[in-house]
Amino acid sequence: MQEVTKEIIAAVSQGKSDAFQTLYYAFADPMFRYLRRKTGNADIAEDLVQELFTKVWKNRGNLDPERPIKAYLYQAATNLAVDHLRKKVQEGFSEEPKPEDHSEEPDHLAFEKRDKIRRAVASLPDSQRKVFCLSRYDGLKYHEIADVLQISPKTVETHMGKALKKLREILSELMAYSFFLLFFL
Amino acid sequence: MTQEQISQLIHKVISGEASAEERDLLNKVRAENPETAAFISELENMWQRMEPEEEGPGFDVDRGWSELSSQLGLDRAAQTESEPQGIKLHRIHQPKTPVKLIMFGLAAVILLALLLPMYKKPPVQHYINTQPGSQVYQLSDGSTVTLGDGASLWTEFNAESEERNVRLEGRAFFEIQADGRPFAVITQHGHVEVVGTRFDVLATQGKTRVGVEEGKVAVRDNAMSNRLLFLTAGMVAESVAGHAPILLNNVDPMAAGSWRHGRFFFQDKPLKDAILDLKAHFGVAIDLENPAQGDRQITISFENQEIGPIMEELALLLSLDLEQPEKDVYRLRN
């Protein structure tokens with residue numbers, strides 16, 4: 001992920017569209033991937049990315065070049081995803097999620113592996129899951145995760161240690177269960 | 001150590017956040033007990049297996065930007081800025097008679113000719129290296145630039161421009177394609193002008209340092225534009241705000257640009273300058289408890305080493321104590 005300097009953020013806050021374009025090109029794709037994971041839908045994630053950057057541009061005067069922009073964007077994206085999910089709940093899930101387009105034949109083994117990992121990650125306590133996902137899937141550093149979640153880098157470290165230990169236990173159990181099914185059913 | 005503490009340590013090492021001491025500690029723990037070694041391997045494998053999934057294509061950034069800039073009116077704003085005003089006048093005030101028509105036509109042509117260079121003003125290109133180590137970029141004129149960690153370069157020229165000006169923050173090595181036009185690197189304090197050469201520029205908040213590997217360059221301080229210093233291959237000069245550029249002696253000509261390949265040759269070099277090089281390359285903070293130590297001259301070389309072992313060697317060479325109070329912060333103490 002491309003890092004954007006304080007000077008670029010200062011230029012965005014002064015209304016420089018080329019600096020805003022630099023910011024967009026650096027973060028649109030990582031934000032899209034993050035929002036796609038949060039919402040489970042690429043079309044919605046695409047809309048939310050545009051909404052996110054529209055908000056950034058409209059509120060550019062409030063941007064603080066001293067504040068890490070990555071943390072700001074991840075926080076704002078999280079808020080947008082939460083708002084979206086809240087609306088969806090209020091609407092009673094009337095909107096059917098569109099299936100993702102996968103042109104290749106599904107690989108059942110890979111699917112099973114991914115499914116196990118998903119279940120293992122989903123079963124982590126909330127704080128550990130957030131820290132794990134921001135590190136493993138978004139490649140954020142400890143201090144960046146700390147900024148996004150408003151916790152200390154030391155707490156990030158602790159959550160990460162607990163998450164890894166727990167994931168190992170959960171995955172071992174899931175693997176053992178699969179092994180059992182394979183031989184006895 | 002508990003399994004939880006080991007898990008923390010493994011993650012720090014895997015994610016590149018561990019210090020040299022922490023990496024050593026993990027190796028030590030691994031070597032001490034086969035059960036712990038197995039636990040570590042298991043966690044490392046698990047981390048690999050949990051790599052981010054690629055679910056469908058990524059975001060079409062070009063299309064996204066096109067739509068967003070159109071929605072926010074950024075494209076219109078850019079067009080309005082560059083649109084010659086003469087055309088607008090001609091469109092709005094239609095002349096009533098043939099004479100007036102000719103007059104307006106002539107005025108429009110003259111205005112257009114005057115404003116054409118502005119209309120063709122080349123766009124600013126911004127290059128930023130956010131990857132660890134150096135990255136090579138090719139500029140539109142065929143020149144190449146290697147940007148150090150965290151360096152930023154802005155260019156504003158195209159094939160029609162009479163001169164090629166770039167602005168630099170951080171460290172860069174330039175290999176200029178000679179095409180008859182001057183090439184200038186502008187930094188906060190200095191101005192480096194060249195015509196086809198290979199040279200290294202380190203632009204920090206405090207100073208600008210230029211080393212030439214091949215060809216000839218002229219260096220001047222931004223505030224003293226009439227004072228020029230000409231450099232040829234193997235020469236290194238420094239420019240500090242408010243002072244004329246000075247030539248540095250005892251500098252190894254091989255040093256210019258060697259940082260690109262992870263090589264550092266310090267020959268009779270003041271420690272403070274070596275520290276400047278290391279800070280620019282590795283993006284770390286290095287403090288000297290006693291600033292007077294900065295004038296000590298050192299002769300040492302490093303090749304493809306990480307900053308931790310380099311700092312340890314430096315401390316050993318200078319008989320200083322090394323501390324690392326936090327990640328990416330090193331302190332040399334008496």
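Order of the sequence lines fixes the chain letters, A, B, ..., with proteins taken first and strands second; residue numbering starts at 1 for each chain.
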Straight-line distance of B/Ile128 CD1 to A/Glu7 CD, nearest 0.5 Å: 9.5 Å
Closest non-hydrogen atom pair between B/Gly64 and A/Gln50, with its separation: O-NE2, 2.9 Å
Least distance between heavy atoms, B/Gln8 atom then A/Tyr142 atom: O-OH, 4.1 Å
Expected output: side-chain A/Arg136 to main-chain B/Trp47 donor-acceptor under 3.5 Å: yes
Heavy-atom proximity to chain A below 4.5 Å, by part of B/Leu43: side chain
B/Arg63/A/Glu46 salt bridge by N-O under 4.0 Å criterion: yes
Side chain, backbone, both or neither of B/Asp60 within contact of chain A (heavy atoms, under 4.5 Å): neither
Nearest heavy atoms of B/Ser7 and A/Gly161, plus distance in Å: CB-O, 3.3 Å
Part of B/Lys12 within contact of chain A (heavy atom distance under 4.5 Å): both
A/Asp29: partners by salt bridge (Lys or Arg N to Asp or Glu O under 4.0 Å), with sequence neighbours left out: A/Arg33
Atom CD of B/Glu306: over 12 foreign heavy atoms under 6.0 Å: no
Donor on one side chain, acceptor on other, A/Tyr25 and B/His126, under 3.5 Å: no
B/Phe39: partners by ring-ring contact (aromatic ring centres under 6.0 Å, His included), with sequence neighbours left out: none
Side chains of B/His11 and A/Glu157 in contact at under 4.5 Å (non-hydrogen atoms): no
Check against side-chain contact (heavy atoms from CB on, under 4.5 Å), B/Leu72 and A/Phe20: CA-CA 11 Å; B/Leu72 297 175; A/Phe20 181 55; 3.9 Å; yes
Contacting moiety of B/Gln5, where chain A heavy atoms sit under 4.5 Å: neither
Distance, nearest 0.5 Å, that separates CD1 of B/Ile10 from NZ of A/Lys165: 12.5 Å
A/Trp57 and B/Leu74, any side-chain heavy atoms less than 4.5 Å apart: yes
Minimum heavy-atom distance A/Leu164-B/Met46, with the two atoms named: O-CE, 3.6 Å
Crowding at CD, B/Glu35 (>12 non-hydrogen neighbours, <6.0 Å): no
Mutual orientation of the aromatic rings belonging to B/Trp65 and A/Tyr24 [parallel < 30°, tilted 30-60°, perpendicular > 60°]: tilted
